[in-house]
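This report concerns only the one structure given below.
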Amino acid sequence: MGAIVAIVGRPNVGKSTFFNRLIQRREAIVDAVSGVTRDRHYGKSDWNGKEFSLIDTGGYVVGSDDIFEQEIDKQVRLAIEEADAIVFMVDVETGVTGMDEDVAKILHRVDKPVFLVVNKVDNAKRAEEAVEFYSLGLGEYYTLSSINGSGTGELLDALVEVLPDIEEEESELPRFAVVGRPNAGKSSFINALIGEERYIVTDIAGTTRDSIDTKYNRFGFEFNLVDTAGIRRKSKVKEDLEFYSVMRSVRAIEHSDVCLLLLDATRGFDGQVANIFWLAHRNNKGIVILVNKWDLVEDKETNTMKHFTEKIKKAIEPFTDVPILFISVLTKQRIYKAIETAVEIYQNRSKKIPTRKFNDIMLPIIENNPPPAYKGKYVKIKFCTQLPTPYPQFAFFCNLPQYIREPYKRFLENKLRENFNFTGVPITIFMRKK
Ligand code: GDP
Ligand code: GDP
């Protein structure tokens with residue numbers, strides 16, 4: 001889990017170019033593994049060993065070409081609320097614009113680190129022109145060329161310097177986040193669970209500044225609900241901006257162990273739901289998919305559920321080992337089953353397989369299906385073990401790790417899942433030299 005950095009600024013200054021530059025290296029690898037198209041506006045990056053999440057806020061504004069001042073204003077405010085640091089990007093080609101001044105005004109009142117970044121400084125002449133941005137009253141600025149990369153290092157050095165070290169909190173209770181698109185039924189679900197005030201044991205301020213866990217203890221279940229505060233606050237933001245829910249999801253997901261991904265059965269598993277799914281996956285969180293409002297689905301023949309399930313599995317390939325439940329918050333159908341499943345997924349995620357047992361099962365499988373020879377070289381896997389990380393990661397030791405290709409790693413993952421229950425949990429496999 002890392003800190004969150006938001007990039008704000010008016011359209012066309014180069015936010016997404018910069019964003020892509022920072023996340024490219026890592027995400028390209030992730031994409032190759034999962035075969036999915038990533039959310040183009042949220043990603044992970046790291047610098048000097050410090051990991052952070054990056055949000056390109058511009059990406060969430062619809063019709064960003066003729067953006068309304070109001071939208072910008074909202075976008076910046078939300079970014080401020082959620083982020084640990086803000087990169088405010090401006091464009092040396094156009095110079096200072098009215099919209100830049102509006103954003104600067106909002107940022108003046110912020111007590112989080114703000115980095116004024118003058119982009120498109122592709123050459124020395126342009127570096128001189130950048131001085132006009134002093135007029136924004138934000139002090140020192142960084143110059144950058146998102147296209148050729150110059151200036152990136154200086155900015156990132158300063159940026160990671162101010163980011164808080166957010167450690168994976170040691171909580172004895174599972175932390176569940178209820179996530180999904182607006183109107184999926186998240187608040188209703190939470191209300192159905194904690195509706196009666198006396199069952200909320202405490203509001204514990206999380207170790208990180210503004211996340212609040214609500215402890216739940218009922219029917220033999222005990223867990224912390226992450227970030228319900230944000231959901232309660234929802235009424236203030238009437239316009240159900242997709243952007244808002246994505247920002248909230250990022251926060252909630254990062255602080256959770258298991259995500260309960262709610263979707264509206266009448267709307268299906270669309271691209272936005274998929275984005276949230278991959279967000280949880282990329283953060284190595286446990287996932288339960290809850291198809292809500294099942295009461296509204298009229299034609300419930302035996303096959304309807306099956307078809308629905310198949311469609312979702314198609315959308316989440318290759319990570320299909322995920323429970324999918326059909327619930328109705330309205331009629332309270334299977335909502336406790338949902339929690340029970342989330343608890344199981346939590347246990348799967350915390351599972352530690354003894355090394356001896358792991359080798360006893362995996363090595364014979366490998367023996368019978370050795371990695372194919374690559375460039376005429378034979379790869380021999382000698383030993384494997386689960387790593388002592390908060391979520392399941394495995395190392396396979398061999399003579400030539402670089403020759404193990406993706407399909408074989410996929411094969412190992414499948415075998416691992418067949419033999420040990422990791423349903424609902426992303427797993428990572430490393431090949432190491434021995
Ligand atoms: P956004 O709307 O703020 O996300 O801006 P984009 O990243 O889409 O960039 C807008 C335009 O500026 C594109 O045509 C980019 O190629 C161009 N651009 C971005 N960064 C630079 C840069 O460092 N130098 C130059 N010359 N052009 C850039
Ligand atoms: P959120 O934006 O995800 O928090 O969604 P809400 O909890 O505010 O729910 C959005 C709408 O869906 C509300 O009108 C709810 O009453 C309705 N709703 C939630 N769950 C169900 C359900 O299981 N069945 C039906 N028919 N409506 C539901």
Side-chain angles (χ1 to χ4, degrees), residues 6-22 40-41 54-61 63-67 72 75 87-94 97 99-100 103 117-123 125-127 129-130 142-152 155 177-195 227-228 230-235 237-242 244-245 248-249 252 260-267 272-273 276 290-298 325-335 338:
I7 313 170
V8 302
R10 60 178 187 79
N12 285 318
V13 295
K15 295 185 296 302
S16 64
T17 308
F18 177 61
F19 171 86
N20 285 327
R21 171 170 284 281
L22 289 204
R40 287 176 299 114
H41 315 302
L54 197 63
I55 297 175
D56 170 13
T57 61
Y60 292 104
V61 179
S64 58
D65 276 350
D66 51 63
I67 199 164
I72 289 257
Q75 188 199 130
V87 168
F88 171 30
M89 186 167 275
V90 292
D91 176 350
V92 75
E93 271 181 14
T94 54
T97 70
M99 235 187 248
D100 293 337
V103 175
V117 174
V118 184
N119 189 35
K120 308 195 187 176
V121 179
D122 306 336
N123 53 51
K125 181 170 167 292
R126 286 189 165 182
E129 289 163 16
Y142 291 82
T143 57
L144 194 76
S145 170
S146 295
I147 277 190
N148 71 31
S150 70
T152 318
L155 172 63
V178 180
V179 295
R181 291 193 62 168
N183 277 318
K186 300 182 294 298
S187 329
S188 310
F189 181 70
I190 287 163
N191 285 341
L193 288 177
I194 65 175
D227 214 8
T228 52
I231 291 153
R232 277 193 226 114
R233 248 189 295 167
K234 186 185 120 173
S235 56
V237 183
K238 275 277 181 324
E239 315 81 337
D240 255 332
L241 270 177
E242 204 71 52
Y244 184 78
S245 72
R248 280 251 83 95
S249 301
L260 290 81
L261 174 56
L262 247 75
L263 64 114
D264 182 335
T266 64
R267 299 185 66 175
Q272 294 292 349
V273 181
I276 302 172
L290 303 175
V291 183
N292 187 30
K293 309 197 189 180
W294 198 239
D295 57 288
L296 293 179
V297 175
E298 280 172 9
L325 273 73
F326 296 82
I327 71 166
S328 167
V329 173
L330 190 74
T331 66
K332 296 211 158 50
Q333 192 183 16
R334 286 187 280 267
I335 64 171

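Whatever order the structure lists ligands and atoms in, that order sets their numbers, starting from 1.
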Numbered in order shown, the ligand 1 atoms found under 4.0 Å of a heavy atom of Ser145 are 23 (O)

Quick note on ligand 1: atoms under 4.0 Å from a heavy atom of Asn119 include exactly 19 (C), 20 (N), 21 (C), 23 (O)

Quick note on ligand 2: atoms under 4.0 Å from a heavy atom of Leu296 include exactly 26 (N)

For Glu93, the ligand 1 atoms with a heavy-atom partner under 4.0 Å come out as 26 (N)

For Pro182, the ligand 2 atoms with a heavy-atom partner under 4.0 Å come out as 2 (O)

Hits for ring pair (Phe, Tyr, Trp, His ring centres under 6.0 Å) against Phe326, two or more places apart or cross-chain, chain-then-number order -> Trp294, Phe308

- [ ] Would you please determine whether Ala184 falls within less than 4.0 Å of ligand 2 on a heavy-atom basis?
- [x] yes

Residues at least two apart in sequence or cross-chain that pass side-chain hydrogen bond (donor to acceptor under 3.5 Å, both in side chains) with Glu93, listed by chain then number, are Arg126

I would like to know whether Val117 and Phe18 meet side-chain contact (heavy atoms from CB on, under 4.5 Å); could you show each step before the answer?
CA-CA 11 Å; Val117 174; Phe18 177 61; 5.9 Å; no

Distance-only, no hydrogens or angles: does the Asn20 side chain make a donor-acceptor pair with backbone N or O of Thr17 under 3.5 Å? no

If you compare Asn292, Leu290, Val297 by their heavy atoms, the one closest to atom 20 (N) of ligand 2 turns out to be Asn292

- Item | Non-hydrogen atom of Pro11 closer than 4.0 Å to ligand 1 | yes

When rounded to the nearest 0.5 Å, the distance separating CG of Leu330 from CG of Leu296 is 7.5 Å

Near Ser16 (heavy-atom distance under 4.0 Å), the atoms of ligand 1 are 1 (P), 4 (O), 6 (P), 7 (O), 8 (O)

Atoms of ligand 2 under 4.0 Å from any heavy atom of Ser328, numbered from 1 in the order shown, are 23 (O)

Counting from 1 in the order shown, the ligand 2 atoms closer than 4.0 Å to a non-hydrogen atom of Arg181 are 3 (O)

TODO: Compute the shortest N/O to N/O distance between Val13 and ligand 1 and return yes if it is under 3.5 Å, no if not.
DONE: yes

Among Ala192, Ser188, Ser187, the residue with a heavy atom nearest to atom 4 (O) of ligand 2 is Ser187

For Asp56 and ligand 1, does the shortest N/O to N/O distance drop below 3.5 Å? no

Using distance alone, determine whether Gly14 and ligand 1 share an N or O pair under 3.5 Å.
-> yes

Legend entry - Non-hydrogen atom of Met89 closer than 4.0 Å to ligand 1: no

Heavy-atom donor-acceptor pair, Asn292 side chain to Val329 backbone, under 3.5 Å
yes

Of all heavy-atom pairs linking Leu54 and Phe19, the shortest is O-CE1, 3.5 Å

Logged contact type for Val329 with ligand 2, heavy-atom cut-off 4.0 Å, is both

* Could you give me the CA-CA distance, side-chain angles and deciding distance for Leu261 and Val273, then say whether side-chain contact (heavy atoms from CB on, under 4.5 Å) is met? => CA-CA 8 Å; Leu261 174 56; Val273 181; 4.0 Å; yes

Under 4.0 Å from one or more heavy atoms of Ser146, ligand 1 contributes atoms 20 (N), 22 (C), 23 (O)

Output for pair (Leu22 CG, Leu155 CG), nearest 0.5 Å, gives 8.0 Å

(Q) Checking side-chain polar atoms at under 3.5 Å, does Asn119 have a donor or acceptor matched by the opposite partner on Ser146? (A) yes

Here the pair of heavy atoms bringing Gly151 nearest to Leu144 is C-CD1, 3.4 Å

Notebook entry, point to check: So, is Ile327 polar-close to ligand 2, with some N/O to N/O distance under 3.5 Å?
Noted result: no

Under 3.5 Å, is there a donor-acceptor pair between the Thr152 and Arg21 side chains? no

To atom 25 (C) of ligand 1, the nearest of Asn123, Asp122, Thr143, Asn20 on a heavy-atom basis is Asp122

